[in-house]
2 protein chains.
Amino acid sequence: MTITLQPIKPKKISDQVFEQIRELIFRGQLKAGEQLLPERELSEAMQVSRTTVRNAINKLVVLGLLEHKQGQGTFVRFPDTRLDNPLAAAMEVEDATIADLLEVRMGLECNAAALAAQRANEEDLRFMDASLEEMRVEVASGRLGTEADTAFHMALAYATKNPVHVYIMKNFYDFLFVGIKKNLSHLYEDPANIDQILSQHSEIIEAIRKKDAQDALQAMHRHIQFVQDFFRKRG
Amino acid sequence: MTITLQPIKPKKISDQVFEQIRELIFRGQLKAGEQLLPERELSEAMQVSRTTVRNAINKLVVLGLLEHKQGQGTFVRFPDTRLDNPLAAAMEVEDATIADLLEVRMGLECNAAALAAQRANEEDLRFMDASLEEMRVEVASGRLGTEADTAFHMALAYATKNPVHVYIMKNFYDFLFVGIKKNLSHLYEDPANIDQILSQHSEIIEAIRKKDAQDALQAMHRHIQFVQDFFRKRG
DNA sequence: TTGTGTAAATGGTATGACCATTAGCTATTT
DNA sequence: AAATAGCTAATGGTCATACCATTTACACAA
């Protein structure tokens with residue numbers, strides 16, 4: 001008789017809270033600079049003690065995602081200020097360029113788009129729609145829609161239902177953000193480019209909604225290639 | 001009259017405790033692997049509440065200097081363990097399966113194969129040839145050729161000349177070695193599978209040698225799909 | 001208008017209790 | 001004697017409650 005038993009992995013409550021809040025940040029539901037719900041309200045909403053919530057928040061503070069301000073509240077830090085994640089650090093050492101990053105994203109995200117087309121549920125689509133819409137609003141207001149842009153790609157990552165992919169993209173997130181914001185600002189300056197990107201995102205969403213994996217993959221390919229071409233022209 | 005007043009810096013008690021314990025570690029009074037005093041004793045010795053001590057310790061845990069073990073105590077982590085790859089840690093927490101891993105590799109490595117076909121030089125090809133040959137020898141000697149297998153995929157990663165891709169693959173295969181070696185062993189047990197894999201690797205190399213990106217991509221795709229199918233059949 | 005005081009909101013600390021897990025010892029069984 | 005089960009103590013994790021410290025906002029008085 002050969003039975004295989006899986007080892008049980010005990011999960012601390014505070015870590016579950018930690019995950020939940022971190023998700024909110026990555027998905028863009030908690031934007032940079034925004035204030036987190038007070039600890040007392042969080043503990044009530046999540047039905048755990050304030051102690052547990054504090055442990056989770058403290059972890060996020062140490063990791064640089066949140067910031068405590070006594071007497072005021074807890075706030076989401078701006079990604080620019082947190083270049084301490086391992087991937088970003090590696091970028092500094094190896095002299096990785098945006099082109100390198102886009103190349104890897106081409107492989108990762110085209111594949112992800114195909115997977116998402118097979119597995120995305122209603123909620124995933126709502127997140128993607130929301131980020132697209134938010135990006136429209138942001139851009140229309142004269143701002144760069146970088147946060148919404150990032151949120152879109154993270155929403156797509158979650159839609160793959162693949163924890164490994166989600167994990168990698170999470171680590172990409174900070175670098176993505178900084179890279180996009182700093183360098184893509186030029187890309188966003190031209191209204192024509194903005195329209196292009198918006199429609200590209202839209203095409204990706206529609207392909208996923210139709211559950212057409214091939215189409216989704218190609219739409220993503222066009223999107224990333226568009227950005228690549230832009231940088232090639234700029235040198 | 002010009003007087004200069006220094007702004008007061010409010011210092012949290014927990015941070016003072018944090019500093020003190022960190023000093024102990026840095027000065028070597030708390031050596032790696034050693035057990036920290038229990039929280040209750042620490043709080044008594046330092047005349048602060050256990051809550052405060054816990055906050056300080058938690059900070060050190062998040063920073064990777066200490067390690068919690070419920071029911072046992074808190075220990076000083078070994079420095080080499082501090083640099084362990086983040087991906088392996090994620091695998092523990094998220095319940096990632098081999099299938100998840102292969103899915104992501106499908107995207108990453110197919111893309112990498114195409115890039116390698118465009119950029120691989122003589123040295124890269126020699127490394128890939130060498131790993132292929134080594135795997136043949138290992139297998140012929142009755143051993144599993146997992147290390148040579150890994151070496152092949154790493155050689156391909158380097159051939160892309162893309163530092164971001166190399167970085168990700170490094171972490172990837174650290175994990176593969178640590179956790180998944182035993183699962184892959186079944187795949188290697190059947191000689192027919194080995195021959196398949198060897199010829200698949202060979203096809204990939206040849207496509208790269210011919211600088212045929214499309215061909216390389218498809219060869220890699222067949223290779224990974226073969227492994228995926230194997231695991232699907234095994235359930 | 002200006003300054004002052006007060007109240008509310010919010011993070012920080014303190015206690016004390018209890019739960020969950022682990023290691024080690026003890027008693028029981030075989 | 002050896003193996004197993006059961007118990008106990010140590011230790012980290014969670015909870016509830018109270019109070020302290022800081023900041024902001026607002027009302028009020030000079």
Side-chain angles (χ1 to χ4, degrees), chain A residues 5-22 24-25 30-77 81, chain B residues 5-22 24-25 30 32-77 81 89 92-93:
Chain A
L5 293 179
Q6 299 300 324
I8 303 299
K9 42 180 178 180
K11 249 190 180 174
K12 285 188 292 186
I13 302 179
S14 59
D15 280 342
Q16 298 180 39
V17 175
F18 166 81
E19 288 290 347
Q20 231 182 96
I21 298 178
R22 192 175 61 161
L24 291 178
I25 299 173
L30 276 175
K31 302 181 199 2
E34 207 167 340
Q35 180 172 9
L36 191 64
L37 257 56
E39 298 173 350
R40 291 166 177 83
E41 292 183 30
L42 278 178
S43 79
E44 191 181 2
M46 294 189 181
Q47 311 253 1
V48 295
S49 77
R50 193 183 152 207
T51 306
T52 304
V53 171
R54 276 185 62 78
N55 284 337
I57 291 182
N58 278 329
K59 196 168 172 181
L60 287 162
V61 169
V62 175
L63 290 178
L65 292 179
L66 293 180
E67 186 179 10
H68 271 320
K69 288 187 183 177
Q70 186 172 170
Q72 303 181 48
T74 306
F75 302 84
V76 181
R77 285 186 61 178
T81 331
Chain B
L5 293 179
Q6 299 302 325
I8 303 299
K9 42 176 182 180
K11 242 190 179 173
K12 286 188 291 185
I13 302 180
S14 60
D15 279 342
Q16 299 179 37
V17 176
F18 166 80
E19 293 286 353
Q20 231 182 94
I21 299 179
R22 192 175 59 168
L24 290 179
I25 299 175
L30 276 174
E34 210 165 337
Q35 180 171 7
L36 192 65
L37 257 57
E39 298 173 349
R40 291 167 176 84
E41 293 183 29
L42 278 178
S43 79
E44 191 181 0
M46 295 189 180
Q47 312 255 358
V48 295
S49 77
R50 192 181 154 210
T51 308
T52 304
V53 172
R54 276 185 62 77
N55 284 337
I57 292 182
N58 278 330
K59 197 168 172 181
L60 287 162
V61 169
V62 175
L63 290 178
L65 293 178
L66 293 180
E67 186 180 10
H68 271 318
K69 287 187 181 177
Q70 186 172 162
Q72 302 183 48
T74 306
F75 301 85
V76 182
R77 288 188 62 178
T81 323
E92 304 285 337
V93 181

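In what follows, chains are A, B, ... by sequence order, proteins preceding strands, each numbered from 1.
- At the phosphate of dT14(D), OP1 or OP2 sits under 4.0 Å from a side-chain N or O atom of Ser14(A).
- For Thr51(B) and dT15(C), the shortest distance from a side-chain N or O to OP1 or OP2 is not below 4.0 Å.
- When the P atom of dC20(D) is taken as reference, atom CD1 of Ile13(B) falls 13 Å away, rounded to whole Å.
- Taking a 6.0 Å sphere around CD of Gln35(A), one finds it holds more than 12 heavy atoms contributed by other residues, nucleotides or ligands.
- Closest-nucleotide positions on DNA chain D for Val48(A) and Pro38(B) were compared, and the one nearer the 5' end corresponds to Pro38(B).
- In this structure, Arg50(B) atom CZ and dC18(C) atom P are separated by 14 Å, rounded to whole Å.
- Atom pair Glu44(B):CD and dA10(D):P shows a separation of 14 Å (rounding to whole Å applied).
- Closest approach to the Thr74(A) side chain among dG11(C), dT11(D), dG13(D) is made by dG11(C) (side chain taken as heavy atoms from C-beta onward).
- Listed candidates were dT13(C), dT14(D), dG12(D). Nearest to the side chain of His68(B) is dG12(D).
- Candidate nucleotides dT14(D), dT11(D), dT13(C) were compared by shortest atom distance to the side chain of Glu41(B), and dT11(D) ranks first.
- Side-chain contact between Arg54(B) and Arg50(B) is present, with at least one heavy-atom pair separated by less than 4.5 Å.
- Spacing between atom CG of Asp15(B) and atom P of dT13(C) amounts to 8 Å, rounded to whole angstrom units.
- Contact between the side-chain N/O atoms of Gln72(B) and the OP1/OP2 oxygens of dT11(D) is not found at any separation under 4.0 Å.
- Proximity of Gln70(A) to the phosphate of dA21(D): no side-chain N or O atom is located under 4.0 Å from OP1 or OP2.
- Atom CD of Glu34(B) has more than 12 neighbouring heavy atoms from other residues, nucleotides or ligands inside a 6.0 Å radius.
- With rounding to whole Å, Arg40(B) atom CZ is found 16 Å from dA14(C) atom P.
- Looking at heavy atoms from C-beta onward, Leu60(B) lies in side-chain contact with Phe18(B) at the 4.5 angstrom threshold.
- Lys59(A) places its NZ atom 11 Å from the P atom of dG13(D), with the value rounded to the nearest Å.
- Look at CZ on Phe75(B): it is 15 Å from P on dA10(D), rounded to the nearest Å.
- Counting non-hydrogen atoms of neighbouring residues, nucleotides and ligands closer than 6.0 angstrom, the CD atom of Gln20(B) reaches no more than 12 such neighbours.
- The distance between atom CG of Leu37(A) and atom P of dT10(C), rounded to the nearest whole Å, is 9 Å.
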